[in-house]
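In what follows, a structure is listed as structure tokens, so that the remarks can point back to it.
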Protein chains: 2
Amino acid sequence: MTDEPDDILSKLPARLKEARRAQGLSLEAVANLSGVSRSMVSQIERGESSPTIATLWNLTRALQVDFAGLLEDRDNADRVEVLRQSEVPSIDNMGKGCLIRILSPPEDAGGHEVYDIRFEPDGALISQPHGRGVQEQLTVLEGSVRVASGSAAGDLGPGDTARYAADVAHSIHATDGAARIFLIVKQA
Amino acid sequence: MTDEPDDILSKLPARLKEARRAQGLSLEAVANLSGVSRSMVSQIERGESSPTIATLWNLTRALQVDFAGLLEDRDNADRVEVLRQSEVPSIDNMGKGCLIRILSPPEDAGGHEVYDIRFEPDGALISQPHGRGVQEQLTVLEGSVRVASGSAAGDLGPGDTARYAADVAHSIHATDGAARIFLIVKQA
DNA sequence: AAAATTTTTCCGTAATTGTGGAATCTTTTA
DNA sequence: TAAAAGATTCCACAATTACGGAAAAATTTT
């Protein structure tokens, strides 16, 4: 690794310049398209200035690049993070009254992971955001649960199925006694 | 759409605030973690200031949120899609005594498909070979089944899980009364 | 090669971000 | 209910971004 670990920002100038040159545009051309002054574009490309998100957003529109991908680690190793955070093959997750059985093989890590989860009465599984674009799908086998993802929520009974984004904070609560669910975590 | 079209930036303040509150942190706590002053965090959360990417980056680190996803237009996020038991598409497999409910969304066709299958006593699901490299994984919820793939076979009871090649002829039989299983078809 | 054109960088100025402390509002405790 | 503690917002000042025109550098044309 020749890069400083947490200095992803240092890669941004080069990527912006590359995007501009790839389209054969001059600083002035980009300035007209984006509404950002030539001087500013120059400074940003040279790493002499840290733009506000507003100006950077305008630049991405003019250059037709994806804002999200612009700051991402291209050769991403973030899958490892997702694993050790919340996919721990532990029996009792955070002592919240839920038993987790991992049904998917280890080699599926990063693919589609499958869990069989049993909740004690009032048990809960509260998760921090997973990697970007990850979705979860669960089916209630027994009991009732309340699913919350971001600011949205839904109540499920036996046989019901829910799908929701898992790249935001999300949680599953047993709302009426014990419960059992089938959970599938789908990587993007 | 009740949102202004190209003003994705307007969503950022709320998302940041939500991320902070989700972790039960005060402005000062975030300030200490991120190195950004309390006042600034407040202004950003209220949309009164457009932060530089440097400060926003520091905030995302402190809040443990994904920088890229923060500004993305995720229309399906913040929404829990619930499929009631009665409205899940199902197919009655040719009078073979098995009812198949399809839990995976149509857009997942060709990806990983998920089924909830109920067998009547002595019911069976006999399948021709799928595409090359396709694997199936099933977990028994109730009853007992015998799984056969090619020339191999295995007997499962409640809670047991089996994985096997599905690119050869394979079958699932209910061996002791009614049964219910969860089946996942994994494309190569 | 020199001139002309284009592109980029430099520089002074206006606008906005970012900071620390006081004031206001909210929640907790007695 | 009053007091205390905590969190958030307001305010004046420092630092940086952002802009427009001039100088410098690079590219193209004659």
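Quick note on labels: first sequence line is chain A, next is B, and so on, each numbered from 1. All of these numbers come straight from a predicted model, not from anything done at the bench. Excluded from the calculations below are hydrogen atoms, water molecules and symmetry mates; all remaining heavy atoms, backbone and side chain alike, are included.
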Checklist line | Expected output: side-chain A:Gln137 to main-chain A:Ala162 donor-acceptor under 3.5 Å | finding: no

Next item on the list: List the protein contact pattern of nucleotides 3-10 of chain D with one symbol per nucleotide (5' to 3'): B for base contact, S for sugar-phosphate-only contact, - for none; contact means a heavy-atom distance under 4.0 Å.
Entry: ----SSBB

Tabulate protein N/O versus nucleotide N/O from nucleotides 14-16 of chain C, keeping only pairs under 3.5 Å, one per line.
none

Margin query: Between P on C:dT13 and CE on A:Met40, what's the gap in Å once rounded to a whole number?
Written below: 19 Å

Item checked: Audit row: B:Thr52, A:Thr52, side chain to side chain donor-acceptor pair (under 3.5 Å) steps and yes/no -> CA-CA 4 Å; B:Thr52 63; A:Thr52 64; over 6 Å; no

Note to self: Looking at A:Gln43, is its backbone amide N or carbonyl O close enough to the side chain of A:Ser49 to form a donor-acceptor pair, meaning the two atoms are under 3.5 Å apart?
What the structure shows: no

Check: Do any N or O atoms from the side chain of B:Arg46 and from the backbone of B:Val41 form a donor-acceptor pair under 3.5 angstrom?
Finding: no

Check: Between C:dG18 atom P and B:Asn58 atom CG, what is the distance in whole Å?
Finding: 10 Å

Check: Under the salt bridge (charged side-chain N to carboxylate O under 4.0 Å, His left out) rule, what pairs show up with a residue in residues 133-147 of chain B, not counting sequence neighbours?
Finding: B:Arg146-B:Asp155

Next item on the list: To the nearest Å, give me how far apart CD1 (A:Ile44) and C1' (D:dT16) are.
Entry: 13 Å

Note to self: Using 30° and 60° as the class boundaries, would you call the ring planes of B:Tyr164 and B:His170 parallel, tilted or perpendicular?
What the structure shows: tilted

Checklist line | Sole residue of A:Arg20, A:Lys17, A:Arg21 in side chain to side chain donor-acceptor pair (under 3.5 Å) with A:Glu45 | finding: A:Arg20

Checklist line | Test side chain to side chain contact (heavy atoms under 4.5 Å, CB included) applied to B:Val185 and B:His130, step by step | finding: CA-CA 10 Å; B:Val185 181; B:His130 299 176; 4.0 Å; yes

Check: Taking atom P of D:dT17 as reference, at what distance in whole Å does atom CG of B:Leu56 sit?
Finding: 15 Å

